[in-house]
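A short write-up of the structure that comes next.
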Amino acid sequence: MNGSLRQSMAWLHTWSGLLLGWLLVAVFVTGTSAYYREEISLWMEPELHQSARSGDTVDLAWQTLGRIAADARSWDISLPDARNPAVQLRWQPAGEEQPRQGGGRNRGEQVWMDAGSGEVLTPRETRGGHFLYRFHFELYGVPRLWARWLICIATMFMLVAIISGVITHKKIFKDFFTFRPGKGQRSWLDAHNASAVLALPFHFMITYSGLLLFMVMLMPWGIDAAYDGDRRAFFDEAFPRSTEAPGPAGEPADMVAIGPLAEATAARFERPVSRIEVQHPNRENARIRISVEQDVAISGRRRGGSPTQVFQGSSGDLLETIEPSQAPAPLMGKVYNVMTNLHLVRFADPVVRLLFFFSGLAGSAMVATGMLLWVSKRTQQLRRQQPGAALKLVNGLNMASITGLLAAIGAYFAANRLLPTALAERSSWEIRVFFLVWLVSLVHGLLRPHRRGWIEQLAVITVLWLALPFVDMATTDSHLFSAAAWRLGALAGFDLICLLLGALWGYTLWRVARPKPDKRKPARARQPALAKGNT
């Protein structure tokens with residue numbers, strides 16, 4: 001304890017936020033981008049942009065699989081939706097199903113298909129937005145278990161910083177409406193308070209629910225005691241899956257047309273078909289499962305999966321109609337579903353998703369301004385003394401974690417457009433560009449941990465982010481001024497966000513680079529003394 005409770009909480013708030021603050025910035029920024037990982041992935045695969053769903057899309061997908069995977073063990077057709085214009089075709093080749101490297105089920109082969117023409121598309125190799133999403137909770141190049149533990153520890157520090165910060169600020173709501181620009185440390189404090197209070201419920205929710213997602217890893221003892229250490233049994237009971245065995249393949253046989261079956265399913269559930277799965281295609285015992293997407297409430301999906309109709313493949317007879325269960329979930333299951341759906345935003349429409357995105361930006365700003373506030377406070381305490389090595393190190397790491405990370409993400413997007421499409425291991429090279437730029441920014445920040453270094457890195461990210469829409473325009477046909485970009489609003493939105501962020505970094509550059517006004521009071525001019533006797 002350090003004097004009073006509030007003083008102790010202030011000390012705890014400072015150090016719990018600083019020690020892992022650099023990692024938390026990366027977690028918040030990449031996690032915020034994950035709200036639009038599907039849209040980012042779409043932007044990074046311009047070969048798919050011209051695809052558009054038509055009335056023949058289902059039949060075209062059926063014919064394409066019949067041509068390229070007639071002897072497969074199973075088919076899986078994912079039809080276009082609001083976030084993906086192309087058709088994804090998967091199939092399991094005939095023969096024994098082999099487990100994929102690292103465990104799990106082998107998902108077989110896959111291709112993309114143009115939803116309007118049926119042409120098989122070959123998008124450039126990229127990890128897209130999924131790289132940023134996975135980095136958010138697994139980092140990269142670090143053993144998965146160790147990475148998740150590190151992220152969990154950082155998240156715990158974040159939760160402690162949030163709670164101690166609320167206790168520390170006795171005028172927390174008044175501080176939210178106070179901002180004094182151009183005041184140095186006071187301005188950073190105001191920005192930190194405003195970004196923290198603006199989305200305080202979001203900050204608490206996203207941090208706590210992030211820990212909840214790893215509950216089995218963090219606190220496994222209850223599950224181990226209840227299931228005698230068999231965690232697989234727990235997951236099978238908590239998240240039941242279909243146990244229907246496909247059985248052996250039957251004799252060859254023609255299958256019915258898929259169009260009427262898809263239309264019947266869409267009419268039955270009054271919503272468009274989203275997925276078609278086939279067991280033993282082109283066999284007499286083929287089974288066709290046609291599903292529509294179910295509405296996702298904040299409390300999670302209903303039990304039983306999506307509304308589905310099952311047909312006999314060779315005759316088209318309806319075998320089964322599957323509707324999600326209306327049975328209420330246990331209270332703890334509801335709590336878990338609510339928290340995880342809030343964290344992953346599975347239930348969100350475009351407006352709610354945008355609100356979450358801006359809340360994530362506020363969280364990123366909260367952590368970044370907190371670290372900048374620490375440096376500003378220590379710098380003012382030193383006054384005319386030269387900053388020590390520790391303060392220079394913190395300032396250099398701040399630079400790398402904030403402007404350096406933004407430069408790395410911008411370079412990742414630029415590499416997607418500029419690297420040759422036929423380059424071997426192309427997706428790995430995009431990621432290498434990301435880390436190479438981040439490393440350069442770290443070295444630069446450590447060599448120039450002062451105001452000039454900030455100006456140089458801000459100039460780089462301003463130019464880089466403003467240039468992205470023009471690079472897109474020069475390399476693709478689905479840029480901001482094309483019809484395809486506005487037909488798929490995510491493409492135009494991506495370029496607009498780049499311009500908006502570039503303008504924001506430019507404004508920040510202008511604020512940092514402009515000369516500081518001289519606040520010293522001008523010395524008074526001395527008046528000549530009057531000679532004695534003069535009047």
If we ignore hydrogens and angles and just use 3.5 Å, is the side chain of [X] paired with the main-chain N or O of [Y] as donor and acceptor?
X	Y	result
D56	D59	no
R53	P80	yes
T57	A115	yes
E293	R271	no
S482	D477	yes
S478	A484	no
D76	R90	no
W465	L406	yes

Please find the pair of heavy atoms, one from [X] and one from [Y], that lie closest to each other, and give the distance.
X	Y	answer
F28	G360	CD2-O, 4.0 Å
P469	D495	CG-O, 3.6 Å
G108	P93	CA-CD, 4.3 Å
C498	L468	SG-CD1, 3.8 Å
L79	V273	CD1-O, 3.4 Å
T155	L24	N-CD2, 4.4 Å

Are any non-hydrogen side-chain atoms of [X] and [Y] less than 4.5 angstrom apart?
X	Y	result
L342	F356	yes
M215	P220	no
V437	V440	no
P85	Q50	no
M113	L121	no
H479	H49	no
V367	M158	yes
R417	D472	yes

- What's the verdict on side chain to side chain contact (heavy atoms under 4.5 Å, CB included) for T122 and E47, showing C-alpha distance, side-chain angles and the deciding distance? CA-CA 7 Å; T122 307; E47 294 79 9; over 6 Å; no
- Query: Is there a side chain to side chain contact (heavy atoms under 4.5 Å, CB included) between L480 and M473 once you walk through the steps?
  - Reply: CA-CA 7 Å; L480 186 59; M473 189 184 308; 5.6 Å; no
- Do R353's NZ or CZ and the ring of Y35 fall within the cation-pi criteria of under 6.0 Å and 45°?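 Pair R353/Y35 does not count as cation-pi.
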- Establish, yes or no, whether the cationic atom of R432 lies under 6.0 Å from the six-membered ring centre of W429 and within 45° of the ring axis.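 Flagged: R432 positioned over aromatic ring of W429.
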- Query: Counting heavy atoms not belonging to F357, are there more than 12 under 6.0 Å from its CZ?
  - Reply: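 Enclosed: over 12 neighbouring heavy atoms sit under 6.0 Å from CZ of F357.
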- Query: Can you tell me if CG on D71 sees more than 12 non-hydrogen neighbours from other groups inside 6.0 Å?
  - Reply: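 No - once you tally the heavy atoms of other residues, nucleotides and ligands closer than 6.0 Å, there are 12 at most.
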Have [X] and [Y] got a donor and an acceptor in their side chains that come within less than 3.5 Å?
X	Y	value
D317	S315	yes
E320	Q309	no
E430	S427	no
S306	S291	no

- Just say parallel, tilted or perpendicular for the rings of F214 and F137, cut-offs at 30° and 60°. tilted
According to side chain to side chain contact (heavy atoms under 4.5 Å, CB included), who are the partners of [X], at least two apart in sequence or on a separate chain?
X	answer
V27	L23, H136, I151
V111	I68, L89, W91, V120
P281	W75, M255, V278
M156	L211, L218

Atom pair [atom1]/[atom2] of [X] and [Y] - distance to nearest 0.5 Å:
X	Y	atom1	atom2	answer
I223	D228	CD1	CG	13.0 Å
N341	L344	CG	CG	7.0 Å
T32	L361	OG1	CG	5.5 Å
I276	T308	CD1	OG1	11.5 Å
T64	W112	OG1	CH2	14.5 Å

Contacts of [X] that satisfy ring pair (Phe, Tyr, Trp, His ring centres under 6.0 Å) - sequence neighbours left out:
X	answer
F347	none
Y140	F131, F435
F494	W43, F413

[X]: what forms a salt bridge (Lys or Arg N to Asp or Glu O under 4.0 Å) with it, not counting sequence neighbours?
X	value
R487	none
R134	E138
E251	none
R283	none

- Item | Working for side chain to side chain contact (heavy atoms under 4.5 Å, CB included), residues R287 and H280 | CA-CA 7 Å; R287 289 169 62 89; H280 301 308; over 6 Å; no
- Query: Yes or no on side-chain hydrogen bond (donor to acceptor under 3.5 Å, both in side chains) for E263 and T265, after CA distance, side-chain angles and deciding distance?
  - Reply: CA-CA 5 Å; E263 292 175 2; T265 302; over 6 Å; no
- If you look only at pairs with a residue in residues 210-221, which of them pass as a side chain to side chain donor-acceptor pair (under 3.5 Å), with sequence neighbours excluded? none
- Query: So V256 and F311, side chain to side chain contact (heavy atoms under 4.5 Å, CB included) or not? Walk me through it.
  - Reply: CA-CA 10 Å; V256 297; F311 298 90; over 6 Å; no
- Message: Taking the basic N atoms (NZ, or NE/NH1/NH2) and the acidic carboxylate oxygens, is any pair closer than 4.0 Å for R275 and E277?
- Response: yes
